[in-house]
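Not measured: the values here are computed from a predicted model. Throughout, a chain's letter reflects where its sequence line sits, starting with A, and its residues are numbered from 1.
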Amino acid sequence: MSRRYADHATARRAALTAGVWVPLAVILLGEAAMIAAGLSGPEEIVTHWGPNGPDRTGPWWEFAITVAAVDIPVLAFFAVFILRARRFSGMGRWLAPVSLGITVMHTLGLGVGVVVLSGSSLVPTATIVGGFAIGILAAIIVGFALPRESPATSAPPATAIPLGLGEVVAWSGSVRLPVAFVASIAAIAIAFIVLAIVLVTVADRHALWLFVVPVPILLALGTTFDWSVAVGPTGVTIRSAIGWPRMRIPVDDIVSAGVTEVDPVSDFGGWGPRWVVRNGKGRWGFVSRRGPALEITRRDGRSVVATVDDAATAAAVLEAYAGAASGGGVA
Amino acid sequence: MSVLQVDGLVVRYGGRTAVDGLSFAIDSGEIFGLLGPNGAGKTSTLSVIEGLQPPTAGTVLVDGEDVTHAPLAAKSKLGVQLQSSSFQAELTIEQLTRLYAGLYGLRLDRDGIRDRLERMGLDGERAQPFKKLSGGQQQRFSLLVSTLPHPVLMLLDEPTQGLDPQSRRQLWTEIEALRGEGGSILLTTHSMEEAQAVCDRIAIIDHGRLLATGTPAGIVAEYREDPRVRRLAHGEPTLEDVFIGLTGSAIRD
């Protein structure tokens, strides 16, 4: 049975409703419930739990402020990506459900549930688990119920660059994240290191774990901020600035190469090295930015996408050698 | 008017009868002791009064409110101190007092909290987490929490069990003070010394039935010539002699 797909406008409207307006209503209703319960309930409630149970009390409105302070920025974050999404299929169709799930989970589990049930032994474990369960359930139901667009088709093969007999052409290019962005991420990692040094030497030896935090941040930065793509007679090599991850595709394994438009969040769920499934086939992505990218289709139907400047030339060169390898010959 | 009226109370668990037609009443401002060996039916009786266990038959009125038909109204008149209380161990007793006052719908400012703690001799410990209190302090704090809403009737389930003599005496003083403020108290105890020291009247029950009721001295006087009591007494019969004489000397678990 074939599925009916929605057009982009319909899918976008549904995603905005489910991923922005409904979560906003959940937040507002949650705030109203917390205010109603807080004003008629105890002035102070348990506001923090440690390994041995409750260890701090405070006013109920701490939870109302926390929900607003966390959920509204998170919602704004998702709203930006839903508004900018080019296609609501694949990873893109999960933007709205994830937005709804996170909002429901946090508003109910760590806001409304704690304030309304304050004093009960159900808090916090049952409210957190309950909020988590309801959030995930809401996300799954909405994820399958939302109209979606058809999956993007593979990039059409580029026009092969004409090569003379014995002529050899090579192309290389790279794409780099904006310097300001890289500097900001690096500054966060450095801030953690400084904070860890200060805390460990001045106050708390248990803060040693802070030294670990910058490691994945720097690793993610190193593998994401600069990608280079090299195309030649033998195939294509894609590698990060630090040399890993690295992928080599021999020309014999290439069916076609073309240019596709990439929306990192919609198509791959984010940036960096990514792997998703599209139309039942694996799709690798080396994603540094939004925009044109080189897409290589392999003989087994899997594809590899790399965001790189002047992807059209890279595809044309690759098409020339791929065509030759498959019996097309070189003019 | 009685603050507690128990009439023909029956509690059965399957085929076993824990309380068998028990009747007694507590007057306003009275400290009433419920005495009985293990398995006599004390806890089952308290459970019905607390609204935790529905009676099989009979009625229980707390300040005129039927615990079966108006459980919330009846519970609102009660303060309950269990044998062992488990408060949030990491919270200070000042935090706990404010927290539980809030749960009772009371708004206590800092002075109000200090006043309550001072009356229980706990003002010096207000910054201590509950887990750091001694056993006696924990029991006094438990008593403080159960009296926060000024209940009409306090139920104290073996309040001094496991306490040293000093702590026990101090708790008796607190219990007397509560009565002085107009409260009525139903306490269960195994201690004849405690029953004689603080109770205006007592009831001795066994196998769910009332065996004797009256003032401690009155009960001793009533049963002093009873052969079951005389056999046990070394000289003048004591309340303990009467208790064991009426309930038997077999060990109950």
Side-chain angles (χ1 to χ4, degrees), chain A residues 30-68 108-131 199 203-207 209, chain B residues 47 50-52 71-73 75-76 78-117 122 125-133 138 141-142 144-151:
Chain A
E31 291 287 342
M34 280 187 278
I35 290 169
L39 290 177
S40 61
E43 201 171 21
E44 288 216 353
I45 60 178
V46 175
T47 54
H48 191 268
W49 291 261
N52 300 317
D55 57 12
R56 199 168 69 217
T57 59
W60 60 269
W61 44 258
E62 279 188 17
F63 289 98
I65 288 176
T66 305
V67 164
L108 294 188
L110 283 167
V112 178
V114 177
V115 175
V116 170
L117 297 173
S118 67
S120 159
S121 57
L122 293 172
V123 180
T125 308
T127 59
I128 291 173
V129 172
L199 279 178
D204 187 0
R205 299 177 79 189
H206 294 100
W209 64 271
Chain B
S47 296
E50 290 161 1
L52 302 175
L72 289 179
K75 281 178 188 171
S76 71
L78 289 175
V80 177
Q81 183 196 19
L82 303 174
Q83 275 179 39
S84 60
S85 300
S86 143
F87 288 95
Q88 290 83 348
E90 303 286 336
L91 294 179
T92 67
I93 60 169
E94 184 171 358
Q95 287 174 319
L96 285 169
T97 307
R98 188 176 287 113
L99 185 67
Y100 281 87
L103 292 172
Y104 280 123
L106 302 171
R107 309 245 166 192
L108 287 183
D109 58 16
R110 185 171 281 267
D111 288 342
I113 290 171
R114 290 189 70 157
D115 179 52
R116 300 287 182 115
L117 292 172
L122 291 168
E125 319 300 323
R126 67 180 190 278
Q128 290 291 330
F130 180 76
K131 67 179 182 186
K132 293 279 173 93
L133 300 184
Q138 290 190 350
F141 180 70
S142 174
L144 180 153
V145 169
S146 58
T147 57
L148 277 172
H150 293 296

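Taking both residues in full, the closest heavy atoms of B/L103 and A/P42 are given as CD2-CG, 3.6 Å, listed atom of the first, atom of the second, then distance.
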Are there donor-acceptor atom pairs under 3.5 Å between chain A and chain B, and if so which?
residue	atom	partner	partner atom	Å
A/G41	O	B/R107	NH2	3.2
A/N52	ND2	B/E90	OE2	3.1

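Residues satisfying the side chain to side chain contact (heavy atoms under 4.5 Å, CB included) test with A/A36, not counting sequence neighbours, are none. Qualifying side chain to side chain contact (heavy atoms under 4.5 Å, CB included) partners for B/A101, counting only residues two or more places apart in sequence or in other chains: B/L106, B/L108, B/L148.
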